Visitor: 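Below: one structure in structure tokens.
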Amino acid sequence: MSARFPGRRDFLKASILAGAATTIPQSVSAAVEGGPPEDKKSVGPSSDTIQAETGSITSDTDDHLLVRRPGSDFMVDLLKRSDIPYVAIMAGASFRGLQESIVNYGGNTAPQLIVCPHEEISAAICHGYAKVAGKPMACLVHSTVGLQHAAMAIYNAWCDRVPMMVLAANTSNATKRRPGVEWTHTAQDVAAMVREYVKYDDNPVSLQHYAESYMRAYEISMTPPYEPVLIVADSDLQEEDMGDVKLSPPKRAPVEPSAGSPSAIARVADMLVAAEDPLIIADRAARSQEGVDLLVRLAELLNAPVVDQTGRMNMPTAHYLNHTGRQQRLVASADVILGLEVTDIWGTVNSLADTIERDWNRVARDDAKVIGISANYGYVRSVVQDAQRYYAADLTIDADAQACLPQIIEAVEARLTPAKRRVIAGKTEALKRAHADMRAADAAEAAKGWDASPISTARLSMELWEQIKGLEWGLVSNTVFISRWPQRLWDIDKHHQYIGGEGGYGVGYTVPASVGAGLAHREAGRFAISIPGDGDLMMLPSTFWTMAHHSVPVLTLVHNNRAWHQETMHLKRMSARRNRGPDSWHVGTVISEPFVDYAAMARSMGVWAEGPIDDPDELASAISRALAVVRSGKPALLDILTQVR
Amino acid sequence: MGKAALPVALGLLVISAATTAWGGVSPLENAITVPSDASPGERLYILEGCYQCHGYEGQGSILSGPSLVPMSLSSEAFRAYVRNPARAMPPYSHETLPEADLALIEEYVRGFPQPRSITDVPALARFAVPEREGKATKSVPPIAPRQDDARLLANGRAVYRAHCAQCHGAELQGGIAPGLAQEAGKRDGAETVAMIRNPPSTMPALFPDPLSAAEVDAVAAFIRSR
């Protein structure tokens, strides 16, 4: 029924059809009846009459079949207003409206669609992007099944304190759901599936409501602690015509991060200045290069060694005050420990090994004072346990560490007497010597197995370093599984050069996160380097198609130890404790029979690739060839058979 | 394993495909690549899972287990530790690892080639500390002697936890090394210090590096105070 002519048009159409049904072309009727054709006019209203009464029956599509101003166009306006550069999608019917609007209304530019074969890839791309770009991108997921796929990646970002705009489509109005799939692909409260690990969610029921919730969600996501947020983009809101309704999209309203009270900052400064052996531990302290510079300033002011727990790049590795490799020794001897956005203070000052008893012991001095500064203190969830074990610090401040640093520096400066400054300055040579010794010891460890096959992770790291130093790069994978060689032996001095790891240790993060990080690095004229484990890669290998399709310059070096290696150790531990099956640990933990050809896999999806490489003397030339591809703007992969860690 | 390339799909020790106790899953020696020219000790080192934490070259990893190169423990200490390890290392009982097999593994471990000097590796040479070549460790600047007993003991406790607890136990209860809870009754202070400065062969040398004289005094005082 036409909205404008609710009945008359149909009546007239019926009349026309009725007339037509009685009007048989004479030639046909003559043929049927056997008589000669006669020149007779048809009965029924004239075309002029029809034109006058119905408006038009031309070949133009009737208005009721068209949606002139779809609501999803307005949703694109909000994406543009919030400067979302990319929207990652795995195509889904519930957001066909918004997808079409992004393409045809938004021109598929700012935001541009990043096409993914799996929603977990979509969300992990957002995760990697935000850590380099310093702002979120969006992923658009298809209701229940799409959000379920994306869930682990959203959880990783939650644990990693990373902003992300999750737009989940849904069809709330039950009367609008077609039978079958549109019911199984709808939830009454779709955000409930991930509510425990998003910072905010809403299910707007009007476009104005959508606009305000969307902007609120964005600001919440970008207020430390950064976290994912979710807005439901109902399919009706997407697809219905806005008509003449006037909408008022809100402006952005960034929230200044909390910086700690003056009295708290004063106490921090008092403790640090009074300390004889202060230690600074930074995890996700630096949100930007400014954070790195501030941390360096504070450390130099106190001549305090810094342990960088690498949740982000916090402290330049070649700086004489970066004593990360001496963490155990320093924690054991420090009299004041300043923790800046440390994920796990309990686990830093105590030790709990994987033994049957799970006994723990304190590593830090009994009289050591511990200060914890983190935006996480005011935002702890009950269900998910990423807050780690409770630790009663001597001073706990609910504030963003980077935002606190200027005040702490100022307060410390004000308290340093000339005598104290001389004492502090007197430590410099010994600290430089200790730093040099630490790096020399790491180099000596790196030399072990230097010529081995499988290739040592140290050899892999240093062959790579020899070719990338001096270039503009960013390392986008977790280095813990390659024994942190980049932090130990590279000269990492810029915040964007390392972005930490998975956050929640959810396996499958690395390859898609490298795509997201690679997009951001590409914007800045850099390329990304990723060293995923083979087990990690195997979770979402289809990411390589996205990587090739969007020409994301990522140099992927597969750390291929042919196993889910952490689990081989766990299974050996279990069987040994049970005094049985000493040769059973491989069951369910190794990736063999057959081995996987990762180079062929990558090539099948459009990524240049070579491998497997098991001769360390071949590494340099292979890296050179791969690097040439990446610097031309395309992704490349080397499959490298490596030592286990 | 040395320079010989680890074959991609070759070099397997072929075992007949009999059913196993794991529902038909292939035996370990089909799933894990062992070089065809491996010595008995190397073969056991891999199949017993030693490489998982200590690496194929004994190089270790900060994430999994210490380096075995060089192996400074005596044979007695080595075997005792494998049977009764501390912390997360799995125990190897006589049932799962007969003494003869352990001996082969020990022989293999002690035969790991010495690593190249970093001055011989261009990518690593810049880290060499010339005046301390061969002696670089993760040592700390000497800690100034504390004047009061409380500080001395606190300092000694810190040194103990960093350098002694792994073998003697977090609470001095012993482990791979003897317990120290009764140290004050066995030796006088000077003798305790002397033992740390000149340890028996089963104990690593900690003086003069990484411990200074003041730190030796502090940890001795701490141990004797328990």
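Residue numbers begin at 1 in each chain, while the letters A, B, ... track the order of the sequences. Side-chain atoms are counted along with the backbone in the values below, which use heavy atoms only and exclude waters and symmetry mates. Everything numeric here is computed off the predicted structure, so don't read it as measured data.
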Visitor: Which one of Glu466(A), Met574(A), Gln328(A) has the most heavy-atom pairs closer than 4.5 Å to chain B?
Guide: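 Among Glu466(A), Met574(A), Gln328(A), the one with the most close pairs to chain B is Glu466(A).
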Visitor: Are Phe127(B) and Asp442(A) close enough that some pair of their side-chain heavy atoms sits under 4.5 Å apart?
Guide: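 Side-chain contact under 4.5 Å: no.
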Visitor: Do you know which of Ile356(A), Asp366(A), Asp359(A) has the most heavy-atom pairs with chain B at a distance under 4.5 angstrom?
Guide: Asp366(A)
Visitor: Quick check for you: to the nearest 0.5 Å, what is the distance between Leu63(B) atom CG and Gln566(A) atom CD?
Guide: 5.5 Å
Visitor: Check whether any side-chain heavy atom of His54(B) sits under 4.5 Å from a side-chain heavy atom of Val644(A), and report yes or no.
Guide: no
Visitor: So, taking the atom named CD1 in Ile32(B) and the one named CG in Asp583(A), what distance separates them when rounded to the nearest 0.5 Å?
Guide: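 Ile32(B) atom CD1 to Asp583(A) atom CG measures 11.0 Å (nearest 0.5 Å).
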Visitor: Give a yes or no on whether a salt bridge exists between Lys572(A) and Glu48(B), defined as a side-chain N under 4.0 angstrom from a carboxylate O.
Guide: yes
Visitor: I'd like to verify something: which residue of Pro594(A), Ala446(A), Ser584(A) has the highest number of heavy-atom pairs under 4.5 Å with chain B?
Guide: Ser584(A)
Visitor: Which answer fits Val590(A), side chain, backbone, both or neither, if we ask what part of it has an atom under 4.5 Å from a heavy atom of chain B?
Guide: side chain
Visitor: Tell me which of these, Val363(A), Val480(A), Leu489(A), has more heavy-atom pairs under 4.5 Å with chain B than the rest.
Guide: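 Most pairs with chain B among the choices: Leu489(A).
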Visitor: Find the one option among Ile591(A), Ile482(A), Thr355(A), Thr568(A) whose heavy-atom pairs under 4.5 Å with chain B are most numerous.
Guide: Thr568(A)
Visitor: Of all heavy-atom pairs between Ala436(A) and Val129(B), which one has the smallest distance, and what is that distance?
Guide: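 Reported closest heavy-atom pair: O-CG2, 3.8 Å.
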Visitor: For Arg580(A) and Thr96(B), work out which heavy atoms get closest and say how close.
Guide: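 Of all heavy-atom pairs spanning Arg580(A) and Thr96(B), the closest is N-CG2, 4.0 Å.
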Visitor: Just by modelled atom types, is the Leu47(B) backbone N or O under 3.5 Å from a matching donor or acceptor in the Trp585(A) side chain?
Guide: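 A pair under 3.5 Å: yes.
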Visitor: Quick one: list whatever passes side-chain contact (heavy atoms from CB on, under 4.5 Å) with Glu593(A), sequence neighbours left out.
Guide: Ser26(B), Asn30(B), Ala31(B)
Visitor: Is the closest side-chain donor-acceptor distance between Gln643(A) and Gln59(B) under 3.5 Å?
Guide: yes
Visitor: Looking only at heavy atoms and a cut-off of under 4.5 Å, which of Ala353(A), Gly449(A), Ala444(A), Ala576(A) has the most pairs with chain B?
Guide: Ala576(A)
Visitor: Does Arg645(A) use its side chain to pair, donor to acceptor, with the backbone of Gly60(B) at less than 3.5 Å?
Guide: no
Visitor: Can a salt bridge be assigned to the pair Arg126(B) and Asp491(A) using a cut-off of 4.0 Å between side-chain N and carboxylate O?
Guide: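 So Arg126(B) pairs with Asp491(A) through a salt bridge.
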Visitor: Show me the pairs that pass salt bridge (charged side-chain N to carboxylate O under 4.0 Å, His left out) and involve residues 452-465 of chain A, at least two apart or across chains.
Guide: Asp451(A)-Arg459(A), Arg459(A)-Glu463(A), Arg459(A)-Asp617(A)
Visitor: Spell out, as yes or no, whether a donor-acceptor pair under 3.5 Å connects the side chain of His565(A) to the backbone of Gln52(B).
Guide: yes
Visitor: So for Ser351(A), is it side chain, backbone, both, or neither that comes closer than 4.5 Å to the heavy atoms of chain B?
Guide: side chain
Visitor: Can you tell me how far apart OG (Ser453(A)) and OH (Tyr56(B)) are? Round to the nearest 0.5 Å.
Guide: 10.0 Å
Visitor: Of the non-hydrogen atoms in Val159(B) and Arg329(A), which two are nearest, and what is the gap between them?
Guide: CG2-NH2, 4.3 Å
Visitor: Minimum heavy-atom separation for Lys448(A) to Val69(B), with atom names?
Guide: NZ-O, 2.7 Å
Visitor: Taking all non-hydrogen atoms of both residues into account, name the closest pair between Ser483(A) and Ser61(B) and its distance.
Guide: OG-OG, 2.8 Å
Visitor: Report the distance from atom CD1 of Ile62(B) to atom CD of Gln327(A), rounding to the nearest 0.5 Å.
Guide: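 Interatomic distance, Ile62(B) CD1 to Gln327(A) CD, rounded to 0.5 Å: 10.0 Å.
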Visitor: Does Pro90(B) reach the side chain of Arg577(A), with side-chain heavy atoms less than 4.5 Å apart?
Guide: no
Visitor: Quick one: what part of Ala364(A) sits under 4.5 Å from any heavy atom of chain B, side chain, backbone, both or neither?
Guide: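 Interface part for Ala364(A): backbone (N, CA, C, O).
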Visitor: Rounded to the nearest 0.5 Å, what's the gap from CE on Met569(A) to CE on Met89(B)? Could you check?
Guide: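 Separation between the atoms: 13.0 Å.
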Visitor: With the threshold set at 4.0 Å, does a side-chain nitrogen-carboxylate oxygen contact exist between Glu95(B) and Arg578(A)?
Guide: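 Between Arg578(A) and Glu95(B) there is no salt bridge, as every charged N stays at least 4.0 Å from the carboxylate O atoms.
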